[in-house]
Peer 1: 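Take this structure first; my questions come after.
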Amino acid sequence: MADIETAKLTFGDKVIDLPIMKPSVGPDVIDIRKLYAQGDVFTYDPGFTSTASCSSTITYIDGDKGELLYRGYPIEELADKSHFLECCYLLLYGELPSAAELEDFEARVTRHTMLHEQMQYFFRGFRRDAHPMAIMVGVVGAMSAFYHDSTDIGDPWQREVASIRMIAKMPTIAAWAFKYSIGQPFVYPKNSLDYSGNFLHMCFSVPAEDYVVDPILSRAMDRIMMLHADHEQNASTSTVRLASSSGANPFASIAAGIACLWGPAHGGANQACLEMLQEIGTVDRIPEYIARAKDKDDPFRLMGFGHRVYKNFDPRAKVMKQSADEVLGLLGIDNNETLKVAKELEKIALEDPYFVDKKLYPNVDFYSGIILEAMGFPTSMFTPIFALSRTVGWISQWKEMITDPEQRIGRPRQRYIGAPRREYTEIEDR
Ligand code: CMC
């Protein structure tokens, strides 16, 4: 044991040796699993800013360098050379596929794009004005009631089938949530199209007309999906891991992840960001909003700015910005009012000492909403698109967790600050 590096924790008359775990890249990790048993103390880390909740081989982020790697490959290179389904394969299985492996994977995903016909009635039970994320949480959770043959998490084959089903069906679910909200008929998937083209087809085609997918738009959509595919132990991924640590089935666990993603501090930021840009409305009102963002007594935050991990720049934002320029150029809307506000806000915030000192940079959601709006999506669809893109990440992390011998049910402890034990007071004595 002598060659194991340890950290020493000294408090009171206790000295506890804590093993140091080495990563392949990134900071060392102090193993505190025995701390409570040996020292009768807990650690305190709300928001898990200094806590590694698992060992993982999937995604690596260096927040200071602004680096994001999927299985070791930089996101910029993947965004340039790869495509979403190839990234899905990489995230799920750990290596880039050979041509034959990719063909087989694409065929498997493509053959699962349809939903059980009965699921239509599930959609139809919602109010037309339901938020598509509300529909997605419900429908994805309900998949466990439709696909009984892939809910046994102890069976590797069932896990594989559940994974493919979720990747394949999520665009159909998101597109149908959209169609339902605008009162148009559901459009069935078209398997001759690629993954992102098929999603655009299900969102924008109507039975009355032919719809041709623009390759630049489907490439931009594919990029949005790649950039959002995984992001190590973020809030929704940790939610999926925590939910499934109890042995919950994968559909229920992914539904929990979707619920978490919905929040405006996480995936809901792309909707909140575009709504904020629209609320600002004109460039001359930007200073008022910057002042509000800096005001400690005002809960307002500049949506699309800041990140828990990236403290220099968000590498996804760089790629997304380039995509935004391409898409807006193609659609000839490179100078609308929202875009003008976005560009000016970005410029002002990047020069303002408050944002510079706190290292608050535009994140991926600052640009993704601009592209999605230009494509014709309402703001309420932004977070569902994030959800369908992140599904592969959630599933890859879930699969990794299920086969991790160190995995246990997630059960954080607390610092109790409530009343100590006291006697019950009879009602007439209160
Ligand atoms: N506008 C104004 N001030 C901000 C902002 C912002 N967007 N973000 C952080 N700050 C300030 C914050 O008030 C705090 O100031 P102080 O130190 O004086 O108290 C400081 O910067 C540090 O903020 P924090 O809340 O401790 O940072 P965090 O790591 O807990 O939160 C965040 C990260 C992303 C939740 C936060 O930056 C935020 O709310 N941003 C806006 C929402 C957003 O765009 N979210 C999308 C994230 S990227 C997509 C994803 O991965 O889901």
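We count ligands from 1, going down the list as the structure has it; atoms in each ligand are counted the same way.
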Peer 1: Would you please indicate if the ring centroids of W176 and Y188 are separated by under 6.0 Å?
Peer 2: yes
Peer 1: Among all protein heavy atoms, pick the one closest to atom 47 (C) of ligand 1 and tell me residue, atom and distance.
Peer 2: N363 ND2, 3.6 Å
Peer 1: Of all the non-hydrogen atoms in the protein, which one sits nearest to atom 24 (P) of ligand 1, and at what distance?
Peer 2: R301 NH2, 4.0 Å
Peer 1: Of the protein's non-hydrogen atoms, which lies at the shortest distance from atom 48 (S) of ligand 1, and what is that distance?
Peer 2: H307 CD2, 3.5 Å
Peer 1: Going by distance only, is there an N or O of A265 that falls short of 3.5 Å from an N or O of ligand 1?
Peer 2: yes
Peer 1: Does any N/O atom on F305 come nearer than 3.5 Å to any N/O atom on ligand 1?
Peer 2: yes
Peer 1: Aromatic ring centroids of H231 and H307 under 6.0 Å?
Peer 2: yes
Peer 1: Are Y289 and F300, when compared by the centres of their aromatic rings, separated by less than 6.0 Å?
Peer 2: yes
Peer 1: With respect to M221, which candidate in L372, D214, V327, I371 satisfies the side chain to side chain contact (heavy atoms under 4.5 Å, CB included) definition?
Peer 2: L372
Peer 1: Does only the side chain of K358 get under 4.0 Å from ligand 1, or the backbone, or both, or neither? Count heavy atoms.
Peer 2: side chain
Peer 1: For residues F84 and H228, establish whether the separation of their ring centroids is below 6.0 Å.
Peer 2: no
Peer 1: Which residue owns the protein heavy atom closest to atom 7 (N) of ligand 1, what's the atom, and how far is it?
Peer 2: L302 O, 2.7 Å
Peer 1: Can you report which non-hydrogen protein atom sits closest to atom 49 (C) of ligand 1, along with the distance?
Peer 2: D365 OD2, 3.1 Å
Peer 1: Hey, which atoms in ligand 1 end up nearer than 4.0 Å to a heavy atom of G267?
Peer 2: 52 (O)
Peer 1: Got the closest protein heavy atom to atom 34 (C) of ligand 1, with its distance?
Peer 2: G306 O, 3.7 Å
Peer 1: Which atoms from ligand 1 have a heavy atom of A293 less than 4.0 Å away?
Peer 2: 2 (C)
Peer 1: Does the ring of Y180 carry R128 above it, NZ/CZ under 6.0 angstrom from centre and within 45° of its axis?
Peer 2: yes
Peer 1: About how many Å separate CD of E5 and CG of D28, when rounded to the nearest 0.5 Å?
Peer 2: 6.5 Å
Peer 1: Looking only at protein heavy atoms, which one is nearest to atom 42 (C) of ligand 1, and how far off is it?
Peer 2: M303 SD, 3.7 Å
Peer 1: Please tell me whether F377 and F204 form a close aromatic pair, meaning their ring centres lie under 6.0 Å apart.
Peer 2: yes
Peer 1: What part of F366 sits under 4.0 Å from ligand 1 if we count only heavy atoms: the side chain, the backbone, both or neither?
Peer 2: neither
Peer 1: If you scan the protein for heavy atoms around atom 2 (C) of ligand 1, do you find one that is closer than 4.0 Å?
Peer 2: yes
Peer 1: Going by distance only, is there an N or O of H231 that falls short of 3.5 Å from an N or O of ligand 1?
Peer 2: no
Peer 1: Taking the minimum heavy-atom distance to atom 33 (C) of ligand 1, which of R308, K311, R390, R316 ranks first?
Peer 2: R308
Peer 1: Cut-off 3.5 Å, side chains only: do W398 and S253 have a donor facing an acceptor?
Peer 2: no
Peer 1: So, do F305 and Y361 have ring centers that fall under 6.0 Å from each other?
Peer 2: no
Peer 1: Heavy-atom contact check, 4.0 Å cutoff: does F300 meet ligand 1?
Peer 2: no
Peer 1: Take atom NZ in K14; do more than 12 heavy atoms of anything else shown fall under 6.0 Å from it?
Peer 2: yes
Peer 1: Measure L360 to ligand 1 on non-hydrogen atoms and call it side chain, backbone, both or neither using the 4.0 Å cut-off.
Peer 2: side chain
Peer 1: Show the atoms of ligand 1 that are less than 4.0 angstrom away from any heavy atom in G304.
Peer 2: 43 (C), 44 (O)
Peer 1: If you measure every N or O of H266 against every N or O of ligand 1, does any of those distances drop under 3.5 Å?
Peer 2: yes
Peer 1: Considering both backbone and side-chain atoms of F355, is one of its nitrogen or oxygen atoms within less than 3.5 Å of a nitrogen or oxygen in ligand 1?
Peer 2: no
Peer 1: Taking only heavy atoms of A269 into account, list the atoms of ligand 1 that are under 4.0 Å away from them.
Peer 2: 43 (C), 44 (O), 45 (N), 46 (C)
Peer 1: Kindly state whether the ring of Y89 and the ring of F105 have centres lying under 6.0 angstrom apart.
Peer 2: yes
Peer 1: If you scan the protein for heavy atoms around atom 26 (O) of ligand 1, do you find one that is closer than 4.0 Å?
Peer 2: no
Peer 1: Do Q278 and E337 get their side chains close enough for a donor-acceptor pair, meaning under 3.5 Å?
Peer 2: no
Peer 1: Test your reading of the model: is there a side-chain donor-acceptor pair from T403 to the backbone of K399, 3.5 Å cut-off?
Peer 2: yes
Peer 1: Backbone, side chain, both or neither: what part of K296 comes under 4.0 angstrom of ligand 1, heavy atoms only?
Peer 2: side chain
